[in-house]
There are 2 protein chains.
Amino acid sequence: MNERTKSFEGWQVCSNSALKRATRQLGQLYDDLIDASGLRGTQYTLMTQIHMNSGSSLKVLAESMVMDLSALGHTLKPLIRDGMVELVPDGKDRRVKRVKLTEAGIEKWQEATRLWREAHERFERLFGEEQAKALRDTLNLIASKDFAGRFRAGSDKD
Amino acid sequence: MNERTKSFEGWQVCSNSALKRATRQLGQLYDDLIDASGLRGTQYTLMTQIHMNSGSSLKVLAESMVMDLSALGHTLKPLIRDGMVELVPDGKDRRVKRVKLTEAGIEKWQEATRLWREAHERFERLFGEEQAKALRDTLNLIASKDFAGRFRAGSDKD
DNA sequence: CTCATATAGTGGCATATGCCAGTAAATTCC
DNA sequence: GGAATTTACTGGCATATGCCACTATATGAG
């Protein structure tokens with residue numbers, strides 16, 4: 001409301017805002033490159049995780065993605081509708097549904113992977129391999145259950 | 001649960017996935033704390049930006065948020081509906097609408113700021129002030145126009 | 001001045017995500 | 001064994017975001 005603080009910007013102080021802003025930008029950059037596959041970044045990531053851990057339950061998949069279970073369900077719908085993913089009811093526990101890519105899904109994933117690689121390489125070149133790795137480690141720490149637990153616990157380290 | 005701990009995970013290799021995953025987690029942690037204000041993290045960030053740059057046009061605001069103009073418009077709707085934000089048509093250029101917080105909006109922002117501070121302090125304590133600052137700098141670099149330009153340009157740092 | 005073009009927003013549609021209230025199936029307790 | 005509780009998902013509602021098409025304005029070329 002005043003001109004004095006004119007240049008104050010939330011993301012210079014708030015890590016959460018900074019994270020979201022950077023995520024929007026990088027998401028955009030990656031999306032532009034894998035767009036030709038018809039997939040979005042999130043869908044590609046999801047398919048990668050499904051492919052590499054085929055047969056996981058929705059619950060487990062949601063946890064690994066650090067995503068709400070119902071959110072995962074919603075996000076999966078267009079992929080199921082388009083025949084990329086399928087849910088297979090577990091034989092033993094009938095509450096459980098196991099997720100896997102269909103044949104078409106695997107092909108689409110491979111196609112998208114070729115496009116993703118270009119984005120990945122650009123990022124690595126521009127940002128630096130070492131730093132990119134360090135950034136991912138940092139982000140994965142923040143995404144860890146341990147971190148969330150400590151944060152919720154109150155604050156103090158140890 | 002998987003016996004083989006070999007499970008390949010995208011975010012160990014893909015910076016974009018890692019960013020989104022960490023953003024979901026931290027967003028959740030912050031949201032839980034400012035929830036009492038009735039605002040979401042994004043809304044709070046947006047209101048902060050509006051408050052500190054009162055009277056900006058939607059276009060300018062969207063750019064600073066690294067957000068699509070139409071996305072900003074959508075995000076603003078609930079805030080306008082709830083009387084937190086108002087759009088004031090520019091006198092000179094009638095295409096332009098200037099954004100500002102209402103009285104109620106300012107009060108709500110102050111209330112949310114008290115809650116946000118707790119989240120901020122927890123993060124700083126847990127993550128480390130120095131590192132938090134470094135992380136924000138890194139993220140702000142990724143969110144910069146310069147970075148996007150170079151990324152789109154191809155790659156080389158030239 | 002007039003017309004072609006660029007600019008700022010809006011509205012519709014689609015995905016991304018989360019919360020909450022069910023539903024159904026498995027597990028625990030008595 | 002049967003009721004109470006927990007667990008795994010689903011569906012509805014709301015916000016978060018982006019793309020595209022369209023409208024209203026402003027601007028620049030002639």
Counting side-chain heavy atoms from CB outward, which of dT17(C), dT15(C), dG9(C) is closest to Gln43(A)?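 From the listed options, dT15(C) comes nearest.
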Could you check which residues of residues 101-117 of chain A get a heavy atom under 4.0 Å from DNA chain D? Sort them by number, please.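 Output list: empty, so none.
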If only side-chain N and O atoms of [X] are considered, is one of them under 4.0 Å from the OP1 or OP2 phosphate oxygen of [N]?
{"X": "Lys77(A)", "N": "dG11(D)", "value": "yes"}
{"X": "Arg94(B)", "N": "dA26(D)", "value": "yes"}
{"X": "Lys59(A)", "N": "dA8(D)", "value": "yes"}
{"X": "Lys92(B)", "N": "dA26(D)", "value": "no"}

Does one side chain, of [X] or [Y], offer a donor that lies under 3.5 Å from an acceptor on the other?
{"X": "Ser64(B)", "Y": "Gln49(B)", "answer": "yes"}
{"X": "Tyr44(A)", "Y": "Thr113(A)", "answer": "yes"}
{"X": "Asp68(B)", "Y": "Ser70(B)", "answer": "yes"}
{"X": "Lys20(B)", "Y": "Thr42(A)", "answer": "yes"}
{"X": "Ser57(B)", "Y": "Arg98(B)", "answer": "no"}

Short N-O contact, [X] and [Y], less than 4.0 angstrom:
{"X": "Glu124(B)", "Y": "Arg136(B)", "value": "yes"}
{"X": "Lys59(A)", "Y": "Glu63(A)", "value": "yes"}
{"X": "Asp146(A)", "Y": "Arg150(A)", "value": "yes"}
{"X": "Glu129(B)", "Y": "Lys133(B)", "value": "no"}
{"X": "Lys92(A)", "Y": "Asp90(A)", "value": "no"}
{"X": "Glu121(A)", "Y": "Arg114(A)", "value": "no"}

Figure out the [atom1]/[atom2] separation between [X] and [N], and round it to whole Å.
{"X": "Glu63(B)", "N": "dG9(C)", "atom1": "CD", "atom2": "P", "value": "10 Å"}
{"X": "Leu79(A)", "N": "dT15(C)", "atom1": "CG", "atom2": "P", "value": "9 Å"}
{"X": "Asp93(A)", "N": "dA25(C)", "atom1": "CG", "atom2": "C1'", "value": "7 Å"}
{"X": "Asp68(A)", "N": "dT7(D)", "atom1": "CG", "atom2": "P", "value": "16 Å"}
{"X": "Ile80(B)", "N": "dG9(C)", "atom1": "CD1", "atom2": "C1'", "value": "12 Å"}
{"X": "Leu76(B)", "N": "dA8(C)", "atom1": "CG", "atom2": "P", "value": "17 Å"}
{"X": "Leu61(A)", "N": "dA8(D)", "atom1": "CG", "atom2": "C1'", "value": "13 Å"}
{"X": "Lys97(B)", "N": "dT25(D)", "atom1": "NZ", "atom2": "P", "value": "11 Å"}

Contact nearer the 5' end of DNA chain C, comparing Arg95(B) with Thr42(A):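 The residue whose closest nucleotide sits nearer the 5' end is Arg95(B).
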Please list, by residue number, the residues of residues 15-33 of chain B whose heavy atoms come closer than 4.0 Å to an atom of DNA chain C; answer none if no residue qualifies.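 The answer is Arg24(B), Gln28(B).
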Considering only nitrogen or oxygen atoms on both sides, find all protein atoms under 3.5 Å from nucleotides 12-14 of chain D and state each distance.
unit_1: dG12(D); atom_1: O6; unit_2: His74(A); atom_2: NE2; d: 2.9

Which word best sums up how the rings of His51(B) and Trp109(B) line up, parallel for under 30°, tilted for 30 to 60°, or perpendicular for over 60°?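 Ring orientation, 0 to 90° scale: tilted.
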Assign Leu69(A) to base, sugar-phosphate, or nothing according to its heavy-atom contacts below 4.0 angstrom with the strands shown.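 Here Leu69(A) touches the bases of the nucleic acid.
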